[in-house]
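Working notes, structure below.
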Protein chains: 2
Amino acid sequence: MYICSPKINEMEITTEEKIINAARSIFTQKGFSATRTRDIAEEAGINLALLNYYFRSKKNLFRIIIEEKFDELFGMIGPILSDPNITLEEKIETLVTNYTNLLLANEDLPFFVLSELKTNEFILEKVKRNAQMLSQPIIENQLKERGFTISTLNFIMNVVSMTMFPFISKPLFVSSGLVKEEQFTNFVMDRKQHIPTWVMNTLK
Amino acid sequence: MYICSPKINEMEITTEEKIINAARSIFTQKGFSATRTRDIAEEAGINLALLNYYFRSKKNLFRIIIEEKFDELFGMIGPILSDPNITLEEKIETLVTNYTNLLLANEDLPFFVLSELKTNEFILEKVKRNAQMLSQPIIENQLKERGFTISTLNFIMNVVSMTMFPFISKPLFVSSGLVKEEQFTNFVMDRKQHIPTWVMNTLK
DNA sequence: GTCTATACAAAGATAGAC
DNA sequence: GTCTATCTTTGTATAGAC
């Protein structure tokens, strides 16, 4: 006789999860405004009414996705940069490597988060908390110790710019023919190798 | 007796122009999907029906704005980079200066153009034509002559990244408190001075 | 908890009077 | 050319059956 509580099979996906997965996929591609709840329902293979049953509104559903995506994108930056036990070189290399890999697997991510940040009230609190975790004095000291005069902000901006911008501008470069779609992965993998050196050279 | 043909006073703005101006303002702030034709009509101070009378559809009106904005943003890059009479240093400095000034006056521009590029079929032809004007061999030669081994593409990407990304990520940095809204202009003006040096240092 | 059917609201487009 | 009124489509939310 089994006394186990009834357990959902790990393979089974609940309706709620199906909706979230569909929402994640469509929201990240199209953004909030251009996404239709009917499309989410169809993608999830459920009745439209269920979306409102589970999440009450499109906005509510969106909030879940955008917060999740924000964490994915910016969650790592604070802990890495603020760790006093990691050298400057290691910080740059870790950030560039992690971001390149993350963005290769989620190409729409930076654009999605940045665009919704402009209009979305949900994330503001999250942004602030995240920024507080980023201990500027530690980075500043590491820069000063080495005799570098660049500001912390310019340092961060340069690392993030050079790593993230190719993904944001990909549609431009691909449609112009300057980078072929098939070459894009190689292009950013190659940059991943160079960016740490380039950034270090901006410090001198 | 006057034989002059009836002439519109230069100060008067036609209804068509009023609609275009309003559309430009709202589309660039909100993008295509989030913009309502009713808002455009209101901003233009005209009746909603007139919008369709002049432009037949929202899409048609949008096409006009996005093409205009694309030219504003990327029109200068080809001629500057492809001119064999301009040195590398001058090219970088000209691009960075012009872009910083342009974007300070049109902060939403890069985000708007890049976001609509992802979903918009109108601009593709324009992008291609623009890319053809960008003569890569000339830049490549200028880099080689000087003994620089960086690829043309990485060179362009680095200049544009460092100059444009601060504007794209401004909402993030401002809402995080890392940059105050009032300081932003100073921040990018300061970067404008440094970026040419930083870029030259990535070439060695 | 899940679904069907439907009410309600918003937005784009149009007809027709002036 | 401009306006009012209205139609159509599409998206959001709810009521109520099972």
Could you state the atom-to-atom distance from [atom1] of [X] to [atom2] of [N] in whole Å?
X: B:Tyr54; N: D:dT2; atom1: OH; atom2: P; result: 4 Å
X: B:Lys59; N: D:dT10; atom1: NZ; atom2: C1'; result: 15 Å
X: A:Asn52; N: D:dG11; atom1: CG; atom2: C1'; result: 10 Å
X: B:Tyr53; N: D:dC3; atom1: OH; atom2: P; result: 12 Å
X: B:Ile19; N: C:dG12; atom1: CD1; atom2: P; result: 14 Å
X: B:Arg56; N: C:dA13; atom1: CZ; atom2: P; result: 9 Å
X: B:Phe32; N: C:dA11; atom1: CZ; atom2: C1'; result: 11 Å
X: A:Glu16; N: C:dC3; atom1: CD; atom2: P; result: 14 Å

Electrostatic pair B:Asp39:B:Arg36 at N-O distance under 4.0 angstrom = yes
Does a salt bridge link A:Lys170 with A:Glu181, judged by any charged N lying under 4.0 Å from a carboxylate O?
->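 A salt bridge links A:Lys170 with A:Glu181.
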Between B:Trp198 and B:His194, what is the ring plane arrangement, given parallel below 30°, perpendicular above 60°, and tilted in between?
-> parallel
Any idea how A:Phe27 and A:Phe32 line up, ring-wise: parallel (<30°), tilted (30 to 60°), or perpendicular (>60°)?
-> parallel
Is atom CD of B:Glu42 surrounded by more than 12 heavy atoms (other residues, nucleotides or ligands) closer than 6.0 Å?
-> no
If you draw a 6.0 Å radius around CE in B:Met133, do more than 12 non-hydrogen atoms from other residues or ligands fall strictly inside?
-> yes
What are the two closest non-hydrogen atoms of A:Glu93 and A:Pro196, and how far apart are they?
->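 Closest approach of A:Glu93 to A:Pro196: CA-CG, 4.2 Å.
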Which atom pair, heavy atoms only, marks the closest approach of A:Ile138 to A:Ser82?
->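 Heavy-atom minimum between the residues: CD1-O, 3.0 Å.
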In A:Asn154, A:Val159, A:Val160, the residue satisfying side-chain contact (heavy atoms from CB on, under 4.5 Å) with A:Ile156 is A:Val160
Which residues within residues 60-67 of chain A lie with some heavy atom under 4.0 Å of an atom in DNA chain C?
-> none
Mind running a 4.0 Å heavy-atom check of residues 34-50 of chain B against DNA chain D and sending the residues that fall below it, in number order?
->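 Within this stretch, B:Asn47, B:Ala49, B:Leu50 sit under 4.0 Å of the strand.
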